[in-house]
Amino acid sequence: MIGSTIAKRYARAFYEIAAEENQLEKYYGELSGFAAIISENKDLKEFLANPIFDQSEKKSVVESILQRTDISGITANFLKLLADKQRIVILADIVDCYRELMDEALRTVRASVKTAFPLSAELIGKLQQGLENQTKKKVDMTVVEDPSLLGGIVVRVGDTVYDNSIRTQLNNIRNLLGEEM
């Protein structure tokens, strides 16, 4: 809980800078890219989280990574600040909080779609258009194949789930038959 509160504060501060510069998406990309570098390297992640190592060593490692990337000065300074304040370990949470603020400002909603079989580009476009009409927001949609569904589709938009999978329909029928016995 405390970690998420701190992450929200840092995300809000960085978001405000990005909004002033009109660079919301660019800075999000840089921040999430750096977070991906950390999360993909187990040794680096453990090093940054380990309190045994000196903060100056951690900051030095962060700076050397930044020199090898194409990250803007503002994002680089923010990441150095996180290293200085021993907050680099909550970078993933900061990225998530920042993304929420950015999505709200850009009137974007994220949707995940699970299907049993691949969807055609035309069907994906129709589904996205339908979700945009329903939510009155731009939809950033990811489509994932999940053969365990047997058939149908499951769409998650924020906290709302639209489950029209065959598995769910079969479970509903099973529950109905069980109640009538």
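When the shell of 6.0 Å around CG of N133 is examined, it contains more than 12 heavy atoms from other residues, nucleotides or ligands. Enclosure of atom CG in N50 by more than 12 non-hydrogen atoms of other residues, nucleotides or ligands within 6.0 angstrom is indicated. Residue E104 places its CD atom among 12 or fewer non-hydrogen atoms of other residues, nucleotides or ligands, all under 6.0 Å distant.
A 4.5 Å side-chain heavy-atom check between I17 and F78 finds every atom pair outside the cut-off. In this structure, the side chains of R12 and C97 stay at 4.5 Å or more apart for every pair of heavy atoms. In this structure, K114 and R156 have side chains that are not in contact, with every pair of non-hydrogen atoms separated by 4.5 Å or more. Annotation: side chain of L66 is not in contact with side chain of T75 (no heavy-atom distance under 4.5 Å). In this structure, the side chains of K42 and K45 stay at 4.5 Å or more apart for every pair of heavy atoms. Side-chain contact between L106 and E25 is present, with heavy atoms from C-beta onward closer than 4.5 Å. Looking at V62 and F34, their side chains come closer than 4.5 Å, going by heavy atoms from C-beta outward. Residues R107 and K138 fail the side-chain proximity criterion, which asks for heavy atoms closer than 4.5 Å.
A side-chain contact (heavy atoms from CB on, under 4.5 Å) with L48 is found for exactly one of L82, I88, N41, namely I88. With I65 as the fixed residue, the side-chain contact (heavy atoms from CB on, under 4.5 Å) test singles out one of L79, L44, I71: L44.
Using the six-membered ring where Trp is involved, F47 and F53 have ring planes that are tilted, between 30° and 60° apart. Y15 and Y98 have perpendicular rings, their planes meeting at more than 60° on a 0 to 90° scale where under 30° would count as parallel.
The hydrophobic clustering, which links ILVMFWY residues whose side-chain heavy atoms are closer than 4.5 Å, places V154 and Y162 apart. Under the 4.5 Å side-chain contact rule for hydrophobic residues, I37 and F14 share a cluster. Side-chain heavy atoms closer than 4.5 Å link hydrophobic residues (I, L, V, M, F, W, Y) into clusters, and following such links, even through other members, never connects Y28 to V139. Cluster membership check: I124 does not share its hydrophobic cluster with F117, using side-chain heavy-atom separations under 4.5 Å among Ile, Leu, Val, Met, Phe, Trp and Tyr. In the hydrophobic clustering of ILVMFWY residues, with side-chain heavy atoms under 4.5 Å counting as a link, V161 and L119 come out apart.
Heavy atoms only, all atoms of each residue included: A7 and D93 are closest at CB-CB, 3.6 Å. Shown here for Q55 and D84, the closest heavy-atom pair between the two residues is NE2-O, 4.3 Å. Counting all heavy atoms, side chain and backbone alike, E30 lies closest to S72 at OE1-OG, 2.7 Å. Across V95 and A35, no two heavy atoms sit closer than the pair CG2-CB, 4.0 Å.
Taking CZ from R87 and CD1 from I6, the interatomic distance works out to 4.0 Å, rounded to the nearest 0.5 Å. Between atom CD1 of residue I153 and atom CG of residue N164 there is a gap of 8.0 Å, rounded to the nearest 0.5 Å. For the atom pair CD1 of I90 and NZ of K8, the computed distance is 12.0 Å after rounding to the nearest 0.5 Å. Annotation: the span from S39 atom OG to L91 atom CG amounts to 9.0 Å, rounded to 0.5 Å. Here K26 contributes atom NZ and L24 contributes atom CG; the two are 12.5 Å apart, rounded to the nearest 0.5 Å. Atom NZ of K126 is separated from atom OG of S120 by 8.0 Å, given to the nearest 0.5 angstrom.
Looking at residues two or more places apart in sequence or on another chain, you find a salt bridge (charged side-chain N to carboxylate O under 4.0 Å, His left out) between R99 and D103.
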